[in-house]
Amino acid sequence: MFGKVKACNLTVAPERCANECNLVLLGATGSGKSALIVKFLTKRFISEYDPRLEDIYSSEEMVDQQPVVLRVMDTYDQDGPVNTERYVSWASAFIVVYSIENQDSFKVCHKYLDTLSLHKKTCEVPIVLLGNKLDLERYRQVSKSTGEELALRFGCLFYEISACLDFHDVQQIFHEAVRRVRLR
Ligand code: GDP
Ligand code: MG
């Protein structure tokens with residue numbers, strides 16, 4: 001079950017609250033943030049999505065047999081990290097997304113990770129670096145090891161995924177973010 005959250009519900013991150021998690025997706029336009037969120041919430045891949053949409057969705061999930069209210073913020077930044085205040089204090093975890101077939105989107109991830117590492121608050125927040133569009137392997141521009149190295153450097157989890165392939169793989173990534181928040 002999921003729904004949209006009204007803007008007035010934009011409170012600060014639930015402090016060590018085991019059954020709530022605020023997850024923010026960041027990354028270059030076109031990397032597949034919205035497609036991943038829609039897949040996670042509906043099990044469907046929607047190929048065309050308004051890139052300027054910035055919304056928060058709420059979904060009641062079971063992660064390791066424990067309920068959690070997972071709020072997911074879809075973001076739109078035209079030129080990399082700007083106005084970070086709108087999510088920094090709210091987030092309990094981040095997923096920073098690039099497309100494995102787009103080197104520039106990987107560079108944008110690097111900028112996001114640099115920016116997040118400058119904030120005292122977000123230093124302590126779990127971050128997943130996520131290479132999307134794994135189905136486009138034949139057009140790959142960013143090697144898996146390059147992704148792994150960047151993740152290691154910033155202490156992030158790292159996965160490669162495709163928003164248009166298996167739902168459970170996508171679900172696992174969102175659930176893993178919840179697990180990491182619980183471990184904090
Ligand atoms: P956003 O700007 O980061 O929110 O990116 P979108 O979710 O709008 O996706 C940008 C484009 O990439 C859309 O045309 C999507 O259909 C496409 N896309 C997203 N994820 C994948 C994927 O895993 N594989 C492929 N082949 N296309 C994808
Ligand atoms: Mg989008």
Side-chain angles (χ1 to χ4, degrees), residues 2-7 10 22-59 70-88 90-91 93-116 122 125-148 150-151 154 156-177:
F2 78 94
K4 272 192 195 180
V5 175
K6 288 195 187 125
L10 255 174
N22 292 347
L23 186 56
V24 177
L25 271 79
L26 300 172
T29 304
S31 55
K33 300 177 296 296
S34 304
L36 285 161
I37 293 171
V38 171
K39 179 77 164 209
F40 170 64
L41 296 171
T42 69
K43 301 189 179 171
R44 282 179 298 167
F45 175 70
I46 308 241
S47 59
E48 288 310 320
Y49 205 79
D50 183 347
R52 291 155 306 173
L53 275 188
E54 204 163 89
D55 264 321
I56 299 174
Y57 304 89
S58 179
S59 176
L70 178 55
R71 295 185 204 94
V72 183
M73 184 190 287
D74 192 5
T75 60
Y76 165 66
D77 286 327
Q78 208 171 358
D79 304 305
V82 284
N83 300 329
T84 53
E85 321 75 52
R86 72 193 193 281
Y87 49 72
V88 158
W90 183 80
F94 293 97
I95 300 182
V96 183
V97 185
Y98 66 94
S99 167
I100 65 153
E101 47 79 71
N102 186 320
Q103 180 69 42
D104 288 344
S105 72
F106 185 69
K107 288 186 192 150
V108 173
C109 278
H110 200 150
K111 283 192 200 163
Y112 275 108
L113 294 175
D114 272 337
T115 303
L116 294 179
T122 49
V125 167
I127 303 175
V128 178
L129 178 63
L130 188 60
N132 187 36
K133 307 198 187 182
L134 197 51
D135 56 295
L136 300 180
E137 176 71 54
R138 61 196 179 284
Y139 304 116
R140 185 190 277 273
Q141 291 183 357
V142 184
S143 70
K144 191 172 180 187
S145 59
T146 304
E148 282 167 342
L150 186 65
F154 285 90
C156 309
L157 293 172
F158 175 74
Y159 300 99
E160 289 187 338
I161 191 82
S162 169
C164 61
L165 297 178
D166 187 47
F167 160 73
H168 292 101
D169 289 346
V170 174
Q171 186 189 46
Q172 263 316 302
I173 285 160
F174 284 76
H175 284 190
E176 192 54 34

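Throughout, residue positions are numbered sequentially from 1 according to the sequence presented. All ligand and atom numbering here is 1-based and tracks the order in the structure.
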Side chains of Pro126 and Leu157 in contact at under 4.5 Å (non-hydrogen atoms)
no

Ile161 versus ligand 1: do any nitrogen or oxygen atoms come within less than 3.5 Å of each other?
no

Could you tell me the residue and atom name of the protein heavy atom closest to atom 20 (N) of ligand 1, and the distance to it rounded to 0.1 Å?
Asn132 ND2, 3.1 Å

Purely on distance, is any nitrogen or oxygen of Thr29 under 3.5 Å from one on ligand 1?
no

Atom OH of Tyr139 with >12 non-hydrogen neighbours under 6.0 angstrom:
no

Decide yes or no for Ile95 and Leu36: does some side-chain heavy atom of the first lie under 4.5 Å from some side-chain heavy atom of the second?
no

Search all heavy atoms of Gln78 against all heavy atoms of Thr29 and return the closest pair with its distance.
CA-OG1, 4.4 Å

Among non-hydrogen protein atoms, atom 25 (C) of ligand 1 lies closest to Asp135 OD2, 3.6 Å

Where ligand 1 meets Glu48 - atom numbers and elements under 4.0 angstrom, heavy-atom basis:
14 (O)

Considering only protein heavy atoms, which is closest to atom 9 (O) of ligand 1, and at what distance to one decimal place?
Gly32 CA, 3.6 Å

Is it true that Ala28 lies under 4.0 Å from ligand 1, counting heavy atoms only?
yes

Closest to atom 14 (O) of ligand 1 (heavy atoms only, candidates Pro51, Ala35, Ser47) is Ser47

Atom 17 (C) of ligand 1: the protein heavy-atom neighbour that sits closest, reported with distance to 0.1 Å
Lys133 NZ, 3.9 Å

Run the contact test for Tyr76 against ligand 1 with a 4.0 Å cut-off on heavy atoms, strictly below, and give the result.
no

Within ligand 1, which atoms have a heavy atom of Ala163 less than 4.0 Å away?
20 (N), 22 (C), 23 (O)

Looking only at heavy atoms, what is the nearest atom pair of Phe158 and Ala151, with distance?
CB-CB, 3.6 Å

Any Lys/Arg nitrogen of Asp104 or Lys107 sitting under 4.0 Å from an Asp/Glu carboxylate oxygen of the other?
yes

Partners passing ring pair (Phe, Tyr, Trp, His ring centres under 6.0 Å) against Phe154 (at least two apart in sequence or in another chain)
His110

Could you say whether the N/O atoms of Phe45 and ligand 1 ever approach to under 3.5 Å?
no

Test of proximity, Leu136 against ligand 1: N or O pairs below 3.5 Å
no

Mind checking whether Phe174 and Leu25 have side chains closer than 4.5 Å, heavy atoms only?
yes

NZ/NE/NH1/NH2 to OD/OE distance under 4.0 Å, Asp77 and Arg86:
yes

For Arg71 and Ser58, the nearest pair of non-hydrogen atoms, with its separation, is CG-OG, 4.0 Å

Among all protein heavy atoms in this structure, tell me which lies nearest to atom 2 (O) of ligand 1, with the distance rounded to 0.1 Å.
Gly30 N, 2.7 Å

With atoms numbered from 1 as shown, which atoms in ligand 1 lie under 4.0 angstrom from a non-hydrogen atom of Ser34?
4 (O), 7 (O)

Under the side chain to side chain contact (heavy atoms under 4.5 Å, CB included) criterion, do Val108 and Tyr98 qualify, and how do the steps go?
CA-CA 8 Å; Val108 173; Tyr98 66 94; over 6 Å; no

Proximity flag Gly27 to ligand 1, non-hydrogen atoms under 4.0 Å
no

Based purely on interatomic distance, does Lys33 place a nitrogen or oxygen under 3.5 Å from a nitrogen or oxygen of ligand 1?
yes

Taking 2.8 Å as the limit, list every protein N, O or S atom around the Mg ion (ligand 2), by chain and residue number.
Ser34 OG

Asn22 and Trp90: which non-hydrogen atoms are nearest, and at how many Å?
ND2-O, 3.0 Å

Take Ile100 and Leu136 through the test side chain to side chain contact (heavy atoms under 4.5 Å, CB included) and record every step on the way to the result.
CA-CA 8 Å; Ile100 65 153; Leu136 300 180; 5.5 Å; no

Does any part of the side chain of Asn132, heavy atoms only, come nearer than 4.5 Å to the side chain of Ser31, both counted from C-beta?
no

